[in-house]
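By convention in this document, chain letters (A, B, ...) are assigned in the order of the sequence lines, proteins followed by strands, and residues within each chain are numbered from 1.
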Amino acid sequence: MARRVAVTGLGVACAVGADVETFRDNLVAGRGGVGKLRSLDTSALRVGIGAEVDADTVRAGLKRLRRRPTDRAVDLGLVAAADALEAAGLIAGAPPHEPQPVAVVLGTGAGSAESHTTGHQRFHERGVRGLRPSTVPRCMYNSISAGISIHFKLTGINYVVVSACTSATNAIGMACRMVRDGYADTVLSGGADGFFDPFYFGIWNNLGVMSRNPDPARACRPFDADRDGTVFGEGAGMLVLESWDRARGRGARIRGEVVGYGESSDASHLTSPSAEGQAAAMRAALESAGIEPADLGAVNAHGTATRANDLCESQSIRAVLGAAADQVAVSANKSYFGHTLGASGAIEAIAALLGIEQGLLPPNLNLDNPDPECDVRLVGSEPERLERPLVMKNSFGFGGSNGVLVLGPGE
Amino acid sequence: MDGNGTSEILVRLREVLRDSAVEERDWDAVAPETTIESLGFDSLTILDVLYDVEEEFGIALEPKQVVKTRTVGEIIGLLQQHGA
């Protein structure tokens, strides 16, 4: 028999907060974190803005773990994982930690991008002599999950799911199934990405999907008629998923529930989204949760602020929700902390869970002129009451990977 | 082995060790008698140390010799043998 999946720990590190309380307060107050990029020389690029995590905050977080910086994505993941595990009561204080059978299933889009770029730079400068022996383990995509497993002594399986912008949502979906179906009692899930380096940011620059708005605070405008592209962010979001009964049995604070999960593949185009594919994943998620569209209080949209995404996503939401789409509020968070690629599903799932906990949806930042072509009910410029405590979290990635979570309240 | 040479190598070696390390610690406190194991290096990260030492000091060391060293002072001795 399927088990209920409780969320007992949350951890986040992104441009609007490297702890859950700051993150929550900034969302509700409508304070975004997009600015001119400081960690990267953007003079040769079309775009010079992004949502960075304050370097001192990351350094302080690592110091608490007695770690030196290794790779940006790994570092962000470790800091967020520490908070999630601590909040769940699974670790206390500094290492060494006692081994415990917790799995680590994370999403990432660019993996250890910084290590890749550093390795390539050294190779081109000095040939094979330029490559440090640790280049292999540093460049493995699973260095993020492995680093967390090793540091916190988590002995369940560790791996990463790589499906571009859907990575973390697919990972949380996998983790949810592991707990629900009895393959694991506790899973640390979520995602991490950090790619403000000359190569990775450069390739996104050349793809031409980023906003060129000169005003960073107003650049990322999901579902706004005046949007001109997405803004990227770095970050990590971590959630401790465990069986509801186990969480209750050990007296853990249950902060929310993963009620359902659905997925699909567009099987059509590498970068253009498909409303049919997205709708299939949403329907599967609702079916998995055993709910009807009208039971939803909100949709936490993928909402990248590209025209292609926003039009397609509003069509797929309308197709699945039908008349209920007139009532169900659509919330989009990327205007706050940018598009964090493979981490976005986790950071936004945390935003959704905090919203359920507070009964409140943050304002849709920069939505000054809602696009009339997007036929959904968008949250406005003020925080809004969440009428029903069930939120559908959408993530859609290049490659046609779609992942949708249904999140609910704790107790 | 003169005193000044040892301390100069030690300062440079501390930098190399810090750059290869995963764990944070007080690197200024690393002394010749400090053991490599106590600095948190394992069979993988010690290879980075070897690589970085060769880069920093411009000499080639035998991995077998480096793996045998137990203390920071022994690495300094090895470097001095190789003319660092």
So which part of [X] gets closer than 4.5 Å to some heavy atom of chain B, the side chain, the backbone, both or neither?
X         : answer
Arg126(A) : side chain
Leu131(A) : backbone
Pro137(A) : side chain
Arg138(A) : side chain

Residue pairs passing the ring pair (Phe, Tyr, Trp, His ring centres under 6.0 Å) test where at least one lies in residues 99-132 of chain A, sequence neighbours excluded:
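Only His116(A)-Tyr141(A) qualify under ring pair (Phe, Tyr, Trp, His ring centres under 6.0 Å).
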Neighbours of chain A found in residues 45-53 of chain B - heavy atoms under 4.5 Å
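Those residues of residues 45-53 of chain B which have a heavy atom under 4.5 Å from chain A are Leu47(B), Asp48(B), Tyr51(B), Asp52(B).
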Suppose a student defines contact as a heavy atom less than 4.5 Å from any heavy atom of chain A. Which residues in residues 22-35 of chain B would they list?
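Expected list: Val22(B), Glu23(B), Glu24(B), Trp27(B).
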Please name all residues satisfying side-chain contact (heavy atoms from CB on, under 4.5 Å) with Ala113(A), sequence neighbours left out, ordered by chain then number.
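In terms of side-chain contact (heavy atoms from CB on, under 4.5 Å), with neighbours along the sequence ignored, Ala113(A) is linked to Ala110(A), Phe195(A), Asp197(A), Tyr200(A).
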Which atom names give the shortest non-hydrogen contact between Arg132(A) and Ser20(B), and what distance separates them?
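Scanning both residues completely, I find the closest heavy atoms to be NH2-OG, 3.3 Å.
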Does atom [atom1] of [X] have more than 12 heavy-atom neighbours from other groups under 6.0 Å away?
X        : atom1 : result
Arg12(B) : CZ    : yes
Glu37(B) : CD    : no
Glu98(A) : CD    : no

